[in-house]
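The figures that follow rest on heavy atoms only: side chains count, while hydrogens, waters and symmetry mates do not. Note that this is a predicted model, so its numbers are computed, not measured. We count ligands from 1, going down the list as the structure has it; atoms in each ligand are counted the same way.
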Amino acid sequence: MVERSYRVGPSQGLQGTIVLQGAKNSVLKLMAATLLAPGVHRLSNVPRLLDVTVMQEILDSIGVTSRWIAVHELEIRVPEVSELGWRPPLELVSRIRASVVLLGPLLASVGSVELALPGGDDFGVRPIDIHEDGLSRLGAEFHHEGAAFSASAKRLVGREVVLEFPSHTATDNMLMAAVKAEGITVVDNAAREPEVVDLANALISMGARIQGAGTSRIVIEGVKELSVLDGYRVIGDRVVAATYLTALGMAGGELRIEGIDPVTMEILLRKLGATGVEIEREPMALVAAAGSRPRAADIQTLPYPGVATDYKPMLVAMLSRASGVSVVSENLFSGRFRYLEELRRFGADLISEGHHVIVRGVERLTGAEVGASDIRAGAALVVAALGAESQSRITGVYHIERGYDHFAETLQACGAAIEVEEGVGE
Ligand code: EPU
């Protein structure tokens, strides 16, 4: 297997325009949503990511074929329900966390599904009890066997469901199950993420009746049939936008990021403003400028519209070279601190206390040899390397490329000294 790594040198500041990729956490759900309607679907603004490839393979294993018809356009051909499988190979399923969103659409279309407990990222327990509670209310029955589980439903019937926590993918599953259930489903304490809204909009474009997406109460009236997604455009990836903004905060310079609604990132933009990254909001773009050293800020992650947990590793990386002491608190995932050890190799002064990290900003980071352990942890290492005074090497970048389309190339085009190296790994 060819192992890719990044060699990153000290940066003189970033300059340029970035056209943002489509959102990973939206497109994977839209691909799952195609299972709700036989026919030929087309999606545009699809990012070229390993996770998208894995989702294509999973769909392929249950009889759905897909092909690229343009660089960012995917055509997905879904057979009649009678020809759809419902048991994708567990090895494939366990490779991406997002595979859990096959639950809702397969229950709604085939009535059965077998999956592995979600994998994808290595940061703590990732239970599915909220998915299970919600879908059981609509009539699904679950069986667990080791790391695998199955669910089935002769019919799904709309009900009032209160999610114990506004879980993002559990809300996705509720939407995709309820759109074809009999009667009306009300999902209370629903996740409000922009990617949930994107999924709801896509389903509405297929003929679904959904109200309230983007609020914590979503009302879905089931319909008998849905039509295909016809060229639906995936929204921009706010986590990728946040990554480029933290890279800018670290390296300084000026960036224009196109293809994102600033409203969907407002709380983060304010936090970044407090660290000295000045950001102008345009209707679908951000224009940001930063000096050579950020200022400290206290940040806590919260469900949307709060600061997303996915931004956190890159924020910690950026703040490690800030003037002053920051406290960054994680409120969503118990184990999401594993990248700290890697950041310390750059000379970052980080103390972790329960779910808080105390970041004592240092004036200088030095280059390091580090390994990425998940998508955002890997992106954080690149942010740190951009602020280091000597060369760094980042291995395991396949993790980064699960979520970032042409990451190294994009940074390079903005003036970063980043090179991709290919060697033979195990
Ligand atoms: N939770 C439960 N039970 C459940 C589901 C969730 O206890 O049944 C807990 C989780 O353990 C966690 C919290 O609820 O503590 C939040 O989890 P949530 O379900 O909202 O997260 P997710 O749906 O598994 C999605 C994104 C993540 C992102 C989170 C939070 C996808 C595929 N993944 O995960 O994105 O961090 O929402 O916004 O949409 C990434 O892109 O790298 C990524 C990990």
Go through ligand 1 atom by atom and flag the ones less than 4.0 Å from a non-hydrogen atom of [X].
X: D310; result: 27 (C), 28 (C), 35 (O), 36 (O), 40 (C), 41 (O), 42 (O), 43 (C), 44 (C)
X: T309; result: 30 (C), 36 (O)
X: H168; result: 18 (P), 19 (O), 20 (O), 23 (O), 25 (C), 37 (O), 38 (O), 39 (O)
X: E193; result: 38 (O)

Salt bridge check, [Y] against [X]: does any charged N sit closer than 4.0 Å to a carboxylate O?
X: R42; Y: D230; answer: yes
X: E282; Y: R256; answer: yes
X: R238; Y: E195; answer: yes
X: R4; Y: E421; answer: no
X: R48; Y: D405; answer: no
X: E342; Y: R344; answer: no
X: E369; Y: R345; answer: no

- Item | Aromatic ring proximity Y404/Y244, centre distance under 6.0 Å | no
query = Measuring from the heavy atoms of L332, does anything fall under 4.0 Å of ligand 1?
reply =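 Contact check L332 vs ligand 1: positive.
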Closest by any non-hydrogen atom to [atom]: pick that one out of [options].
atom: atom 5 (C) of ligand 1; options: G134, P166, P127, A23; result: P127
atom: atom 6 (C) of ligand 1; options: S167, A379, G306, A377; result: S167
atom: atom 32 (C) of ligand 1; options: T301, I130, N25; result: N25

Examine [X] against ligand 1 and note whether any of their N/O atoms are separated by less than 3.5 Å.
X: I375; answer: no
X: A98; answer: no
X: F165; answer: no

Applying a heavy-atom cut-off of 4.0 Å, say which part of [X] lies close to ligand 1: side chain, backbone, both or neither.
X: H131; value: both
X: E195; value: neither
X: K29; value: side chain

(request) Carefully, step by step, assess C414 and I18 under the rule side-chain contact (heavy atoms from CB on, under 4.5 Å). (result) CA-CA 8 Å; C414 296; I18 295 172; 3.8 Å; yes
